[in-house]
Amino acid sequence: MNEKISLHKLNKNDFPQNWKLLPVGKVLKKTQYGSNESSDAKGNIRIVGMKNIIDGKVKTDNMSYVNLPEKEIQSFKLNKGDLLLNRTNSYDLVGKVGIYDLDLKCVFASYLVRLECKKEIILPDYLNYWLNSYPTQKTLKRIATRAISQANINPTEFKKHCFVAVPPFEEQKKICLQLNNIDQVIDLTERLINLKEVRRAVYLKSLMDMDQRIKGFNDSWNEYKLGELFTERRERNNTDLPLLSITMEKGVIPRHEVERIDISNEDKSKYLRICPGDIGYNTMRMWQGVSGLSTLEGIVSPAYTICTPNNIVDGKFMSYLFKLPRTIHMFYRYSQGLTSDTWNLKYHHFAQIKVSIPDKDEQIEIVKILSLFDQEIKLLNEELELYKIQKQGLKQKLLTGKWRVKVED
């Protein structure tokens, strides 16, 4: 099956003969809107919202609370195997679906719809995989009605116009088993990445706080103002150089990785040159830690500030130092402006901030250790992306019957 075909245009001939093609409404026991009670930090029960539906599952990260009487708790309480459809959100996010498989006692919010399966016809896991497939997500966006900033899926239209291919029950089990296996690999890899990142953060802090020293280095660290360690690069009129952006997570990257099309009409002659080894930061968001060491040469918006390290410091070491919470707090303290929308850290204020650093040889050794963590995390993230691609391909083949699982008589 071509992924670009929307499922409501499919017919029975697209699937194996013993599969049924049914409107989703035929496989659902009931649907239900969630509670419209406002969140309350002192509430008596957790509530699942839009933000808690991630990659086809309900996650407990940043879960809110509400205060509900017992009767409403019983009405909105989630059960294992319930599916939650995000009926109202931005157009890009509307239609997200997640399965609830937690042991927590939770209710769900009004922008979600509970989907309760007829378990004698379809497995909740199977329907969840189906609804999260690329073609079904495209169909859900076609069903959605769009407003200025939001889109909405009407459950009645959803049940009528969204179709699901239903294999025999035993085949559903085997398909889910295959997809659950790769889901477990993905979950374990994500957990491993999280553990590595925590370990890296702890090690970084212990090195920067001098709780742990590199063997062979015992000299005290010296205090400098950042203006003694950097000079500001303010080179303009380099319109032949490629456009770059500076992000919180990825650092300095090509602009097209953030925005596919350059929609700016601004005169690029005002853009600032950044070179390999420079550290660039977002002048309006340095108090949030938006900075990065560049490995590229290019130009960036005048909204950034470009700093070139001198021979006292290693640029990579300083880029690690700039990500420490205590350093980011200093950036916050020195930022100027009346509200968070206008806070900015111009270079002359940045230059007044004081930091303690070791001599350059120790900086380089610290960088070597931290770079090993970075490389390991990078490789694990690449592996994770490959698993996700593999899952999408496997899901595409299994959910269309192109690949059949063996089912014993």
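When a residue number appears, it is its place in the shown sequence, counting from 1. These values consider heavy atoms only, across backbone and side chains, with no hydrogens, waters or symmetry-generated copies.
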Q: Look only at the side chain of Asn132 and the backbone of Tyr129, and say whether a donor-acceptor pair between them is shorter than 3.5 Å.
A: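 The answer is no, because no donor-acceptor pair under 3.5 Å joins these two groups.
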Q: For Tyr347, what residues pass the ring pair (Phe, Tyr, Trp, His ring centres under 6.0 Å) criterion, not counting sequence neighbours?
A: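 Partners of Tyr347 by the ring pair (Phe, Tyr, Trp, His ring centres under 6.0 Å) criterion, ordered by chain and then number, come out as Phe350.
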Q: Give a yes/no verdict on a cation-pi contact between Lys323 and Tyr320, requiring under 6.0 Å between NZ or CZ and the six-membered ring centre and an angle within 45° of the axis.
A: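 Geometry flag: not set, cation outside 6.0 Å or 45°.
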Q: Using a cut-off of 6.0 Å, state whether more than 12 heavy atoms not belonging to Trp403 lie near its atom CH2.
A: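 Counting neighbours around CH2 of Trp403, 12 or fewer heavy atoms of other residues, nucleotides or ligands fall under 6.0 Å, so no.
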Q: Evaluate the ring planes of Phe322 and Phe230, with Trp represented by its six-membered ring, and classify them as parallel (under 30°), tilted (30 to 60°) or perpendicular (over 60°).
A: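 Phe322 and Phe230: tilted rings.
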Q: Parallel, tilted or perpendicular: which one describes the rings of Tyr332 and Trp287, with boundaries at 30° and 60°?
A: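 Taking Trp287 first and then Tyr332, their aromatic rings sit tilted (interplane angle of 30° to 60°).
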Q: Does Lys77 reach the main-chain N or O of Lys105 with its side chain, forming a donor-acceptor pair under 3.5 Å?
A: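 Absent.
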Q: Would you confirm whether Glu37, through its side chain, and Val66, through its main-chain N or O, come within 3.5 Å as a donor-acceptor pair?
A: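 Not a single qualifying donor-acceptor pair exists.
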Q: Please evaluate residues Lys360 and Asp314 with respect to the criterion salt bridge (charged side-chain N to carboxylate O under 4.0 Å, His left out), reporting the C-alpha separation (whole Å), side-chain torsions for both, the decisive distance (0.1 Å), and the verdict.
A: CA-CA 7 Å; Lys360 195 168 183 179; Asp314 179 84; 5.8 Å; no
Q: Output side-chain donor-acceptor pairs under 3.5 Å for residues 244-252, partner residues at least two apart or in another chain, one line each.
A:
unit_1 : atom_1 : unit_2 : atom_2 : d
Thr247 : OG1    : Lys250 : N      : 3.0
Thr247 : OG1    : Gly251 : N      : 3.1
Thr247 : OG1    : Gly251 : O      : 3.2

Q: Apply side-chain hydrogen bond (donor to acceptor under 3.5 Å, both in side chains) to residues Thr239 and Ser269 and explain how you reach the verdict.
A: CA-CA 6 Å; Thr239 55; Ser269 66; over 6 Å; no
Q: With salt bridge (charged side-chain N to carboxylate O under 4.0 Å, His left out) as the criterion, how do Asp101 and Lys57 come out once you've worked through the C-alpha distance, each side chain's angles and the decisive distance to 0.1 Å?
A: CA-CA 8 Å; Asp101 59 0; Lys57 294 183 179 179; 5.3 Å; no
Q: Distance-only, no hydrogens or angles: does the Asn52 side chain make a donor-acceptor pair with backbone N or O of Lys59 under 3.5 Å?
A: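 Yes; at least one donor-acceptor contact below 3.5 Å.
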Q: Can you tell me if Thr88 and Asn152 form a side-chain donor-acceptor pair at under 3.5 Å?
A: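 Yes - a donor-acceptor pair under 3.5 Å links their side chains.
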Q: Determine, stepwise, if the pair Arg273 / Asp278 fulfils salt bridge (charged side-chain N to carboxylate O under 4.0 Å, His left out).
A: CA-CA 10 Å; Arg273 182 184 176 213; Asp278 289 346; over 6 Å; no
Q: Taking the cut-offs as 6.0 angstrom to the six-membered ring centre and 45 degrees off its axis, would you call Arg200 and Phe373 a cation-pi pair?
A: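 Output no; distance or angle outside limits.
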